[in-house]
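One structure below.
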Amino acid sequence: MSLSEQEQVRRESLNQIKDLGINPYPAALFPVNSTSKEAKDTFEEDKEVILAGRLMSRRIMGKASFAELKDSKGKIQIYINRDEICQGEDKTLYNTVFKKLLDIGDFIGVKGNLFTTKVGEQSVKVKELTVLSKSIRPLPIVKTDEEGNVHDAFTDPELRYRQRYVDLIVNEGVKEVFLARTKVMNTMRDFFNEKGYLEVETPILQPIPGGAAARPFITHHNTLDMPLYLRIANELYLKRLIVGGFDGVYEFAKDFRNEGMDRTHNPEFTVMEIYVAYKDYNWMMDFTEEMIERVAKTIHGKPSCTFGKNEISFARPFKRVTMTDAIKEHTGFDITGKTEEELKTWCKSNGIEVDDTFGKGKLIDEIFGEKCEQHYIQPTFITDYPKEMSPLCKEHRDNPELTERFELFVNGKELANAYSELNDPIDQRERFEEQLKLSEKGDDEAMFIDQDFLRALEYGMPPTSGMGIGIDRLVMFMTNKQSIQEVLFFPQMRPEKQES
RNA sequence: GAUCGAGUAGCUCAGUAGGUAGAGCAUCUCCCUUUUAAGGAGAGGGUCCUGGGUUCGAGCCCCAGCUCGAUCACCA
C-alpha cells in the first residue's frame, strides 16, 4: 500500500498530535448544546454555544483565522484568534495544533460566543478548541461561490455511489434527497396509521417466491438443507394476514429481483404493499390518489412537482382509463372480443415482436407497453387488465375476460399496481394451474403454485383490495431524480478491486 | 447480455502529426489579527485504468480485459 503525499502528511500530523499529549480520538462525550443551524436561527450577540463538526475550510491570517465548521444541519463560520484560545504564554494550540496539524475533514468541538463579523456573517468566536477525531484521508474540496456556482464538485458517479459517505459530506443537496425519502415514507405511514391499518413484517426468505412474476435470487438454508428464495413480493403473506382477521395491513418491503440493472432498476428495491378488507379496486384508486397527493403536498407544499422537463400534477382526481380504451385511443385498434390469433396478427403487422409462448393477455400487455404506456405523463390509472396477466386478481364484475386491476402510470412508468384481490379459492387454484401451463410452455416468469396460500384462501378471505407502490420511483418523482441510484444510499455496484 | 462514450495529481479537468506530463483547488514552506469559491510568495506531488501489440519512441494508434455512464433487451 502506497500512500499519497497528503495521506503521509496527515498520518505524520496524527503522530505529532499524540506526541503533544492530545488524544486525536478521545473517548469522552463532547457536550454539544446547539447546531450550526440553531445557532444562526436563534442568534443572539455574545451568546455562548458549544458546537461540533467537521472543519471544511480554513482561511489563516497570522494570529487570526476563519474556518468553516460543518455539522449535520449545515455550516457555520468560526473565528479563531491565537490569544483567545491560548490565554497563557504557550501558543501551541493555535500555532501548531490548529495551524499545522489540523486538516480539512477533521472533527473538532468548539466552545465560544456568537458574534457578527465586519462583513455581516454570523460566526462563533472560539474560546476553547477540542480535537474530536482526526481524518487521515483528504476529502474532495467542493466550493460554492456567492452566486451559488459550485466549483470542483465531486461528480464521478462511480465514486459518489461507492463512497456515498463522501458524497454526503461534500456535495450540497445529496442529504436532502434522503431526508425527502424518509419524509415520503413517514407521510405514508402516518396516513395508514391514521386509518387504523397495521404495519407488519413478513418473511424475506421464502420457500416459494410468490406474489409477482420475476426471477428470484436463490439461497440455501444449511440446517433445513433446503433452498430459500429472497422475496420478489410480499403479497401472499399479507393476504394470509387478512385471512387471519386484520382489517388492514401494510409493509414497507425490500424486494429482490434477479434481473437487469439500469437507471430505474436496482436488484433490491423498496415496495410498500397494503391490503384492506371489505374494499374493492375503485376504493383503492381513491385511497391511492389521496395518499399520493398528500405525499406531494408534504414534500413540495403543493400537489405538483417538476420531473425532468415535465410538470406533474398529483392533484386529485387522477385520470382513469380502461386498458381497452387506452389501446383504442393510441392505436385505433379495438381488442374487444379478439382471438389470440387476431391479436398476434395485429402485433406482427404493427412492429411488435411476439413469440409462441405469448397468450392473449401477454399480447395485450405488449400492445399497451409498446404503444400506450409512454403517453401517460400525468398520473393515470389504467384499469381492467386481461385475466391471464393477473393471476391473483379478481375477475371483473362485468366482464369475465378482464380483472379488477389498476396500475398507476406517471411519466410513462408504472408507479403502483392494485387489485380487487382474488378470494375465490377454486378460481385461484385454476389460475395457478394456468400459470403452470404457461411455465411449461416456456414462460420463465410464470408464478409458482403456493399450496399453503391456497389453503389459507380455502378458510376464507374477505373481499379485499390490495395495492403496491414502488417507493424508489415515488421518491424519484418527489426529488426530481432521473436515476434510482440517486435515491438509494448504496446502489448495487460491481465489487471494486482491492486497493491494497 | 448488446451498442456507444468515458477512465490523466487527493478533487475538477486540459493535453501536443506519436517526441521530457499541465492548470485550478487541495497539500507543504515562509509572511500576514475580520476573511469568506481563491490573502501574498515559493515548492512538492503522477503505475496517464490493466495487459499485450505497432513504432527509434505511445497518455495519444491497434487488440484484449476491468470499472463507470448512456441507450437497448429483461423488469418495477
Side-chain angles (χ1 to χ4, degrees), chain A residues 2-10 12-13 56-68 75-84 94 99-100 103-105 115-123 125 135-163 166-167 170-172 212-215 232-233 255-271 273 353 365 369 373 407-409 413-417 444-445 468-474 476 482-485 491 493-497:
Chain A
S2 70
L3 295 176
S4 72
E5 183 194 24
Q6 291 190 49
E7 287 172 297
Q8 288 171 30
V9 168
R10 285 184 180 223
E12 184 49 37
S13 298
M56 291 305 281
S57 71
R58 288 187 300 170
R59 295 177 285 279
I60 297 174
M61 298 148 305
K63 300 184 188 67
S65 301
F66 287 92
E68 267 185 314
K75 288 181 183 174
I76 191 163
Q77 177 169 268
I78 59 175
Y79 172 72
I80 301 185
N81 182 300
R82 188 192 67 183
D83 298 326
E84 292 265 356
Y94 182 78
K99 279 172 67 175
K100 296 202 194 299
D103 290 290
I104 288 171
F115 78 110
T116 308
T117 65
K118 267 188 196 167
V119 203
E121 176 146 358
Q122 295 173 341
S123 308
K125 186 173 290 181
S135 158
I136 59 168
R137 189 183 281 262
L139 285 170
I141 308 294
V142 178
K143 295 180 176 176
T144 309
D145 65 21
E146 279 179 5
E147 284 92 49
N149 301 310
V150 179
H151 300 263
D152 302 326
F154 177 63
T155 52
D156 183 337
E158 179 171 3
L159 292 177
R160 287 186 51 229
Y161 301 150
R162 285 196 198 281
Q163 303 184 35
V166 175
D167 190 34
V170 304
N171 283 336
E172 217 56 50
R215 282 154 59 200
I232 56 175
D255 289 349
F256 305 83
R257 298 188 185 175
N258 205 340
E259 320 250 357
M261 297 158 58
D262 60 29
R263 68 178 206 287
T264 55
H265 298 87
N266 195 67
E268 62 178 282
F269 61 104
T270 305
V271 175
E273 290 197 36
E353 278 186 42
D365 193 59
E373 201 174 287
E407 289 193 338
L408 174 61
F409 285 84
K413 290 272 179 192
E414 181 192 340
L415 179 62
N417 180 22
D444 58 2
E445 290 168 10
I469 180 166
I471 295 299
D472 308 299
R473 287 188 180 176
L474 181 61
M476 286 165 67
Q482 311 296 313
S483 159
I484 196 169
Q485 293 160 306
M493 305 282 276
R494 280 199 168 78
E496 64 185 316
K497 284 188 209 130

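Here is how names work: the chains are called A, B, and so on, in the same order as the sequence lines, proteins then strands, and each is numbered from 1.
When every heavy atom of A/Met476 is checked against every heavy atom of A/Thr264, the shortest pair comes out as CE-CG2, 4.2 Å.
For A/Lys63, no side-chain nitrogen or oxygen approaches OP1 or OP2 of B/rU35 to under 4.0 Å. Between A/Arg59 and B/rC32 there is no side-chain N or O to OP1 or OP2 distance below 4.0 Å. Not one side-chain nitrogen or oxygen of A/Gln8 sits closer than 4.0 Å to the OP1 or OP2 atom of B/rU27. Distances shorter than 4.0 Å separate none of the side-chain N or O atoms of A/Arg494 from OP1 or OP2 on B/rC66.
With both ends at atom C1', the span from B/rC60 to B/rU20 equals 16 Å, rounded to whole Å. The P atoms of B/rA23 and B/rG42 are separated by 13 Å, rounded to the nearest whole Å. The P atoms of B/rG57 and B/rG53 are separated by 11 Å, rounded to the nearest whole Å. Remark: the separation of the C1' atoms in B/rG7 and B/rG15 is 15 Å, to the nearest Å.
Counting distance only, with no hydrogens placed and no angle test, the side-chain atoms of A/Tyr94 and the base atoms of B/rU33 include no donor-acceptor pair under 3.5 Å. Residue-to-nucleotide contacts include no donor-acceptor pair under 3.5 Å from the side chain of A/Thr155 to the base of B/rU12. At a cut-off of 3.5 angstrom, the base of B/rU34 holds no donor-acceptor pair with the side chain of A/Glu121. The base of B/rG24 is paired with the side chain of A/Asp152 by a donor and an acceptor separated by under 3.5 Å. Contact of A/Gln6 with B/rA26 (side chain to base): a donor-acceptor pair of N or O atoms is detected under 3.5 Å.
Side-chain atoms of A/Asn417 never come within 3.5 Å of backbone atoms of A/Glu407 as a donor-acceptor pair (strictly under, hydrogens ignored). The main-chain N or O of A/Ile232 is found under 3.5 Å from a side-chain atom of A/Arg257 such that the two form a donor-acceptor pair.
Counting non-hydrogen atoms under 4.0 angstrom, A/Glu353 reaches nothing in the nucleic acid. Backbone-only engagement by A/Phe154 is indicated by non-hydrogen atom pairs under 4.0 Å involving sugar-phosphate atoms exclusively. If you check every strand for non-hydrogen atoms under 4.0 Å, A/Ala153 touches sugar and phosphate atoms only. A/Lys75 comes within 4.0 angstrom of no nucleic acid atom, judged by non-hydrogen atoms across all strands. Within the nucleic acid shown, A/Phe115 comes within 4.0 Å of at least one base atom, counting heavy atoms only. If you check every strand for non-hydrogen atoms under 4.0 Å, A/Arg82 touches nothing. Across all strands shown, A/Arg162 has heavy atoms under 4.0 Å from sugar-phosphate atoms exclusively, and none from any base. Here A/Gly260 lies in heavy-atom contact (under 4.0 Å) with a base. Using a 4.0 Å heavy-atom criterion, one finds that A/Asp262 contacts the bases of the nucleic acid, with or without backbone contacts as well. Heavy atoms of A/Ile60 sit under 4.0 angstrom from at least one base atom. Contact annotation for A/Val119: base contact, defined as any heavy-atom pair under 4.0 Å involving a base atom. Within the 4.0 angstrom heavy-atom criterion, base atoms lie near A/Asn266. Among the heavy atoms of the strands lying under 4.0 Å from A/Thr144 are primed sugar atoms or P, OP1, OP2 only; no base atom is included.
Pairing for B/rU29 goes to B/rA41, judged as Watson-Crick or G-U wobble with the two contacts each under 3.5 Å. Partner assigned to B/rU47 is none, using Watson-Crick or G-U wobble distances below 3.5 angstrom. As the counterpart of B/rC13, B/rG22 is assigned, both hydrogen-bonding distances of the Watson-Crick or G-U wobble pattern falling under 3.5 Å. The nucleotide B/rG1 finds its pairing partner in B/rC72, both defining distances of the Watson-Crick or G-U wobble pair being shorter than 3.5 Å.
The shortest side-chain heavy-atom distance between A/Ser65 and A/Arg58 does not fall under the 4.5 Å cut-off. Using a 4.5 Å heavy-atom cutoff, the side chains of A/Val142 and A/Val150 are in contact.
Between the CG atom of A/Asp103 and the P atom of B/rU27 there is a distance of 7 Å, given to the nearest Å.
Residue order along RNA chain B, read from the 5' end via each residue's closest nucleotide, puts A/Asp83 first among A/Asp83 and A/Tyr161.
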